Amino acid sequence: MIFGSAIIALCMLVGYTIGEWLGVLFGIGTNVGGVGFSMVCLLLLTNWMRKRRKLHAGMEKGIQFWKGMYIPVVVAMSASQDVVSAISQGSVAILAGIAAVCTVFILMFFLSKRGLLE
Amino acid sequence: MEIIKDLVVQNSFVMSFLFIGLVMAGCELLANRLFRGRVHASAIAIFAGLVAAYIGGRLTGGSKGIADVAAFSGVGLLGSSMMRDFTIISTSYGADLDEFRKCGKSGVIALFFGVLSSFVVGMLIAIAFGFRSPDEVTVIASGAVSFIVGPVTASTLGVTSEVVAVSIAAGVVKSIAIMIGTPIVGKYIGLTTPKAAMVYGAMMGSTSGVSAGLAATDETLVPYGAMMATFYLGLGCLVCPTLFHWMCSWLVGLLV
């Protein structure tokens, strides 16, 4: 189990480092796509290990465990959002947030109607 | 009773497993019995989480939802961005590498249009509500992009007024709206393939919103959407304080 967790942690470290480095490169004080790079890293690493038969059942279980913990973590995350202040900042904030989401819904609707998402 | 309370507070991280487990169990029951499987249990659980966050915020006046209540402080740790990112990364295990390759170009286009559309919508609403300072309009519009891009843009432009709070709130409202809205409209907007999930994540941004929204729609789509959403944030931080700020200043200049 711990090896699986360690592999994810290693990928997180590598991906975050790339993200931080890109952030510095573009001169923005934030991590650019660190999680995304970590995901690519985990995908490539596990694929490579599987091909060389180095991915043991125990490691796989460790990764699967955290994959399974994902939804509970998301629920915990939603339970620790600042919902009160989001609602109490007034109509500008609420309208801007909801309108931005609806715009993407509409764009997605037309994209899927034109069959661009197959 | 007092003993149990102390134990829960002292071991709050482990106790958060119990708390979230109970919430999930209750929501599973609700989904099966009351909604007869038509509403995803995770969608109900995420909504229940938001309600708990509201109650926690009301009770304590803090900013971390239910996690500000001492007995539930472990929930804050379990739901921290560190754990969120760690588990999101683990979801990519078993995802199809070829799907990512196929989507490359449309993903990049979707990223740009996603950031642009949210920014423009936020900008129009800020202007409609009477904001006339180009910097302030930019900050609010960046909040509509994401609640991280808002403050990043504000600090780049040196804006410190209360519009920063408005911009963060806009971003949080956006991510909450994605969490609730995605499972509702998912079917109608074609959210059924990895490619659709990638375009969706790329246009929506907000890693928390997209990852929770997709989890409540179809769990297998999570890695595809979540990965693109993390690049959205980077692009937003890159273009909002620069390119989009110039565009916004020019447009607001035409109005005044």
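Letters A, B, ... are given to chains in the order of the sequence lines, protein chains preceding strands, and every chain is numbered from 1. Predicted, not measured: the structure shown is a model, and the values here were computed from it.
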key: A:Ile94 side, atom CD1; B:Ile125 side, atom CD1 - distance, nearest 0.5 Å   = 11.5 Å
Contact class of B:Tyr54 relative to chain A, heavy atoms under 4.5 angstrom = both
request  = Give, as side chain, backbone, both or neither, the part of A:Leu44 having an atom under 4.5 angstrom from any heavy atom of chain B.
outcome  = side chain
ask   = Where on B:Val185 is there a heavy atom nearer than 4.5 Å to chain A: the side chain, the backbone, both, or neither?
value = side chain
task = Measure the CE-OG distance between A:Met69 and B:Ser90 for me, rounded to the nearest 0.5 Å.
result = 10.0 Å
request  = Please look at B:Thr193 and chain A and tell me whether the side chain, the backbone, both or neither of the residue comes under 4.5 angstrom of a heavy atom of that chain.
outcome  = side chain
inquiry  = Quick check for you: to the nearest 0.5 Å, what is the distance between B:Tyr93 atom OH and A:Leu42 atom CG?
reply    = 8.5 Å
query = Where on A:Ser38 is there a heavy atom nearer than 4.5 Å to chain B: the side chain, the backbone, both, or neither?
reply = both
task = Pick one of side chain, backbone, both or neither for B:Met203, based on which atoms fall under 4.5 Å of a heavy atom in chain A.
result = both
remark   = When the 4.5 angstrom heavy-atom criterion is applied to B:Val222 and chain A, the contacting part is side chain
ask   = Checking A:Leu111 against chain B: side chain, backbone, both or neither under 4.5 Å from a heavy atom?
value = side chain
A:Gly36 versus B:Thr230, closest heavy-atom pair with distance = N-OG1, 3.1 Å
ask   = Around atom NZ of B:Lys64, are there more than 12 heavy atoms of other residues, nucleotides or ligands at under 6.0 Å?
value = no
task = Under 4.5 Å heavy-atom distance to chain A, tell me which part of B:Phe131 shows up: side chain, backbone, both or neither.
result = side chain
query = Do you know which two heavy atoms are closest between B:Tyr188 and A:Ser112, and how far apart they sit?
reply = O-OG, 4.1 Å
ask   = What part of B:Leu191 gets closer than 4.5 Å to chain A, counting heavy atoms only: side chain, backbone, both or neither?
value = side chain
ask   = B:Leu124 versus chain A, heavy atoms under 4.5 Å apart: side chain, backbone, both or neither?
value = neither
note = Most heavy-atom pairs under 4.5 Å with chain B, out of A:Phe37, A:Tyr70, A:Phe65, belong to A:Tyr70
task = Measure the spacing between NZ of B:Lys174 and CD1 of A:Ile98 and express it to the nearest 0.5 Å.
result = 12.5 Å
remark   = Here the gap from A:Met77 atom CE to B:Leu50 atom CG, rounded to the nearest 0.5 Å, amounts to 8.5 Å
remark   = Applying a strict 4.5 Å limit to non-hydrogen atoms, the region of A:Tyr16 in contact with chain B is side chain
inquiry  = Heavy-atom cut-off 4.5 Å, strictly under: side chain, backbone, both or neither for B:Phe72 against chain A?
reply    = neither
request  = Examine whether an atom of B:Ile176 lies under 4.5 Å from a heavy atom of chain A, and if so say whether it belongs to the side chain, the backbone or both; otherwise answer neither.
outcome  = side chain
note = Cut-off 4.5 Å, heavy atoms of chain A, and the answer for B:Ser175 is side chain
key: Option in B:Met24, B:Lys195, B:Met198, B:Met227 with maximal non-hydrogen atom pairs under 4.5 Å from chain A   = B:Met227
note = Honestly, the part of B:Ile89 sitting under 4.5 Å from a heavy atom of chain A is both
